[in-house]
Amino acid sequence: MSEMITADLVDLDLSAETKEAAARALAERMVTKGRVTDLDGFLADVAAREAQMPTGLDGGIGIPHCRSEHVTEPTLAFGRSAAGIDFGAVDGPADLIFLIAAPAGADDAHLTILSSLARQLMNTEFTDALRAVDDAARAAALIRGDATAENTEDSAAASGGTASPDAAAGSTPPKEPAAATAATAATAAAAPAASPAASPEAAPATSQAGAADEPAPAGRPFRIVAVTSCPTGIAHTYMAAESLENAGRDTDGVEIVVETQGSAGFSRLDPAVIAAADGVIFAHDVPVREKDRFAGKPTVDTGVKAAINRPAELIAEVRGKAERGEITAAARPGTPVERAGQPGEGYGTKLRKWLMTGVSYMVPFVAAGGLLIALGFAIGGYQVNEAKSVTEHFDWGQIDSWGALLFQIGAAAFGFLVPVLAGYIAYGMADRPGLVPGFVGGAISVTIGAGFLGGLVAGLIAGGVVLAIQRIEIPPVLRGIMPVVVIPLVSTAVVGFLMFVVIGKPISEAQKGLTDWLNGLSGTNAILLGVLLGLMMCFDLGGPVNKVAYAFATAGIAVQDPSDSAMKIMAAVMAAGMVPPLGMALATTIRKKLFTSAERENGKAAWVLGASFISEGAIPFAAADPLRVIPASMAGGAVTGALTMAFGSTLRAPHGGVWVTFLIGNPFLYLLAIAVGTAVTAGLVIVLKGMRKTQPGTAAEAAPATGTQTKEPVAA
C-alpha cells in the first residue's frame, strides 16, 4: 500500500480563497501523483458531499471528503491557508484543510487509517503542531503518525520522511495510540468500530458492563452508550466518537462507550454494555442501524456535528433526562418507516411513506403478474382469458396451453396486489402486527369490489387499529400473548367489520364510478388526462408523485380483463416515464460541452435506463440542475402522454419499456410519441442550459452531477 500522504500532497501556503478553489488545488496534486483519474469528476463528488452537509469544523478545520470511482487509492492532501477559507463552520474560516479521497470500494484497513486521522483532529496538540510546522515532509510525517509534535524534524530526517515502526510506536502521542502509524492503523483495522469489550480504550466501561447483572455499587459512574454516523462514514463519524469519548473522560462520574457506524462497517456494542447504560446519545445524519437495541432509555438524538462541537452539552442533557425519568419516543422501537426516517418528521411525511411502503412491496407483484399476463395474451391470443384451468386441461404440444398457463400464473400473482398493498401499508405503520389485519382488509376489498382505493383505506385502518391497541395498558400476565393472539384477533375483527359493513360499500361505489368515468374518456378529455399523467411521471423521477401515477395505472390493468381505457392509461404512463432519461441521453450526445464528463458518462447509461422504463436514470442530471432538467422533462413527458392517448396506444404489461413493444397496441405510433417527447426534453434542456452565462465546465457548477445518486450512498 502506498503512503497515504507524502510531501508532494502538502501545500503549506495554500492561496485559494474559496472552498471550491482549495479542493481543486489539492486535488490537482492527487492527479499529479496518479491518485485521481478524472479531476472534474472527482471534484463533482467532493462538491456533492459538501452539498449534503458543510465539512467545516470548529477550531479552524476544513475536511472536504468523498468516496469516488475516480480515486485509485485512499489519499490525503493537506493545505494550510494564512487567510482562512470558509467551509461552513460556525466559528469562522478554516486554516487547516484536509482533502480525503477514498475509492468507491475502499477496504476496511484504508478506511480505518482515514478514521484515525479524523480522531487525531480532535487532539489540539496535533493541530497546533500542523500550524507550526514549516516543512512539507515533516507535515506529511506528522499526519501519517511517523513523528510527534515534539520531534517531527528528527523523525523525518532519520527516515527520509518514513519512520520505522519501532520509532513511530515509541513516539506516539499519548491521546492517539490507535493512530501512531499507518501500518499500526491498518493492522488494527477494526479498532475504531470494535466492540468495547475488545478495546483497551473501553476497559472502564466493559469492566462495569461485565458486572451488569450484579448489584451496582454505590456512587457508580453514569454510563452512556452512543452511536455516531455520517453520510460517508469516513470523517465526521469518528471525529464525533473521539469528541464524545474525550468529553466523557473530562467529565467526573461519566463513562461513555461509542459505536461508530462508518464505512468500514460497525461492530455492535455488547448487549450487556447497552443494558447497563443509563442514557443514550445518537449523533447521526443518517438513520441509526438497529436502533431498537437502545429502547427504553433516556435518549438524546441529534446531528453528528453537535457531538463534535458540543459533546459536554449532550452529556449534560442525557444526564438531565435520566434524572427526570424521561424516556423519549425516539428511544422506543419504531415502525419500519420510523426506523428509516429522521427524528421529528411530520404526519404528512409519514403518511406518504406509509403509502409508498405498500406501493413498493406491490410493484414486484405488478411487474411479474402483468408481464406474465401480457405474454399469455401474446402467445395464446386475446381469448386466452376464457381458457379452461390448466389443472383441467394442459397439452404440452399446444402453444395455446402455454399461453393459458402464463396467463393463469400472472392472474394468480395479480390476485395478491390489493392485499399486499394494504398489508404493507399497515406494516409501515405498525410493523409486523399490522400484516394480518392489513392483508385481510385488502382481501375483503377485492371481495366487495372496492379495489385499489379499498386497499389503501384498509391498510391505513389496519395500521391505525393496531397502533391504538398497542397504546392500551395491558396487565403483565397478558403481554406474552398480545402479539400472537390478541392483536391479530381484535384488529382483524375490527378491520373486517368496518370493511364489510361500514365503509366498504361506499368505497366500492366510488371505485365503480371512477372506472366508469375512465371508460367514458375520449377525445380531448383523454388527451388532457395523458398530459396530467405525463407531468406526474416526470415531476420527481421515481418519487412519490411518479409512484402515484404509476400505481393508478397499474391498478386499472390489475384485472383479468382490463378495459380499453385502463390499457391506454398504462401505455401513457410508461411512455412518459421513459422520456426523462432518454431526453438527457440525447442532449448529452448532441451538445456535449453543456455537460460535465461525469454527466456524459451518465448519459450513456441513460439510453438503456430510459429504454427500460427506469425514470430514475435522469436523477443525476436533475440533482445537478433541477431548475432546468425537471421542467424540460415534464414538458417532454406531457407531450408524450398526450400523443399516446391521441394515438390510442394500449398496453397490458405494467413494465418493460421498449422490450415489450410487441405487446403494445399501435406500436409504431407509440414509439413515435416517445421519440417526440424525447426530442422536446432534449431540445428544451439544451436551450435552458445554453442560456446560462457560464458553462458548466467547472467542478463547482457541476458539483452534484452524480454524487448524490451514486457516489454518496447512505452510510455504508
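Residues: numbered from 1 along the sequence shown. Here the structure is a predicted model, which is why all the values come from computation and not from measurement.
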### Message
If you define the side chain from C-beta out and look only at heavy atoms, does anything of K568 sit under 4.5 Å from T644?
### Response
no
**Study point:** Cationic N near anionic O, under 4.0 Å, D45 to R49
**Key:** no
State whether the number of non-hydrogen atoms from other residues, nucleotides or ligands found under 6.0 Å of F647 atom CZ is greater than 12. yes
Tightest non-hydrogen contact, residues M570 and A553, listed as SD-CB, 3.8 Å
Check your understanding: Checking side chain to side chain contact (heavy atoms under 4.5 Å, CB included) for the pair L435/Y424: CA distance, chi angles, key distance, verdict?
Key -> CA-CA 7 Å; L435 285 173; Y424 280 98; 4.0 Å; yes
**Item:** Any donor-acceptor N/O pair, T447 side chain to A443 backbone, under 3.5 Å
**Value:** yes
Note: G583 and T681 closest approach over all heavy atoms is CA-CG2, 3.9 Å
Rounded to the nearest 0.5 Å, the OH atom of Y550 sits from the CD1 atom of I569 at a distance of 14.5 Å
| query | Does the side chain of L643 come within less than 4.5 Å of L672's, by heavy atoms? | reply | no
Interatomic distance, OG1@T596 vs CZ@F621, rounded to 0.5 Å, equals 8.5 Å
Give a yes or no answer on whether the side chain of S615 reaches the backbone of G577 with a donor-acceptor pair at less than 3.5 Å. yes
Quiz item: Should V629 and S633 count as side-chain neighbours, where that means a heavy-atom distance under 4.5 Å?
Solution: yes
Worksheet item: Taking W402 for the side chain and W396 for the main chain, is one N or O donor matched with an acceptor at less than 3.5 Å?
Response: yes
On a heavy-atom basis, the closest approach of A585 and A606 is CB-CB, 3.9 Å
dist K592:NZ -> E599:CD (nearest 0.5 Å) comes out at 14.0 Å
To the nearest 0.5 Å, atom CZ of F500 lies from atom OG of S445 at 10.5 Å
Distance col, row K593:NZ vs I686:CD1, nearest 0.5 angstrom, shows 13.5 Å
> Is any side-chain heavy atom of V420 less than 4.5 Å from a side-chain heavy atom of F439?
Replying inline: yes
Verify, without hydrogens or angle tests, whether Q408 (side chain) and G403 (backbone) share a donor-acceptor contact under 3.5 angstrom. no
- Checking side chain to side chain contact (heavy atoms under 4.5 Å, CB included) for the pair D564/T650: CA distance, chi angles, key distance, verdict? CA-CA 7 Å; D564 188 64; T650 57; 3.5 Å; yes
Does the side chain to side chain contact (heavy atoms under 4.5 Å, CB included) test come out yes or no for L421 and L417, once each step is laid out? CA-CA 6 Å; L421 174 69; L417 295 190; over 6 Å; no
Are the side chain of D38 and the backbone N or O of G41 linked by a donor-acceptor pair below 3.5 Å?
-> yes
Just by modelled atom types, is the D395 backbone N or O under 3.5 Å from a matching donor or acceptor in the S401 side chain?
-> yes
Is there side-chain contact between F595 and E601, with heavy atoms separated by less than 4.5 Å? no
message: Do Y361 and I425 have side chains that approach each other closer than 4.5 Å (heavy atoms only, starting at C-beta)?
response: no
Minimal heavy-atom distance between A430 and G463, with the atoms involved, is CB-O, 4.0 Å
On a heavy-atom basis, the closest approach of L688 and R628 is O-NE, 3.3 Å
Note to self: Please check: side-chain N/O of T640 versus main-chain N/O of A575, any donor-acceptor pairing under 3.5 Å?
What the structure shows: no
Report yes if the side chains of F394 and S389 come closer than 4.5 Å at any heavy-atom pair, otherwise no.
no
- Message: Please check this pair: side chain of T588 against backbone of M584, looking for a donor-acceptor N/O pair closer than 3.5 Å.
- Response: yes
Between L535 and A638 the two heavy atoms that sit nearest each other are CD2-CB, 3.8 Å
Run the numbers on K505 and I448 for side chain to side chain contact (heavy atoms under 4.5 Å, CB included), then give the verdict.
CA-CA 7 Å; K505 187 173 181 180; I448 63 178; over 6 Å; no
Backbone N/O of A571 and side chain of Y670: donor-acceptor pair under 3.5 Å:
yes
Interatomic distance, CG@L669 vs CD1@I664, rounded to 0.5 Å, equals 11.5 Å
ask   = Is there side-chain contact between M499 and V440, with heavy atoms separated by less than 4.5 Å?
value = no
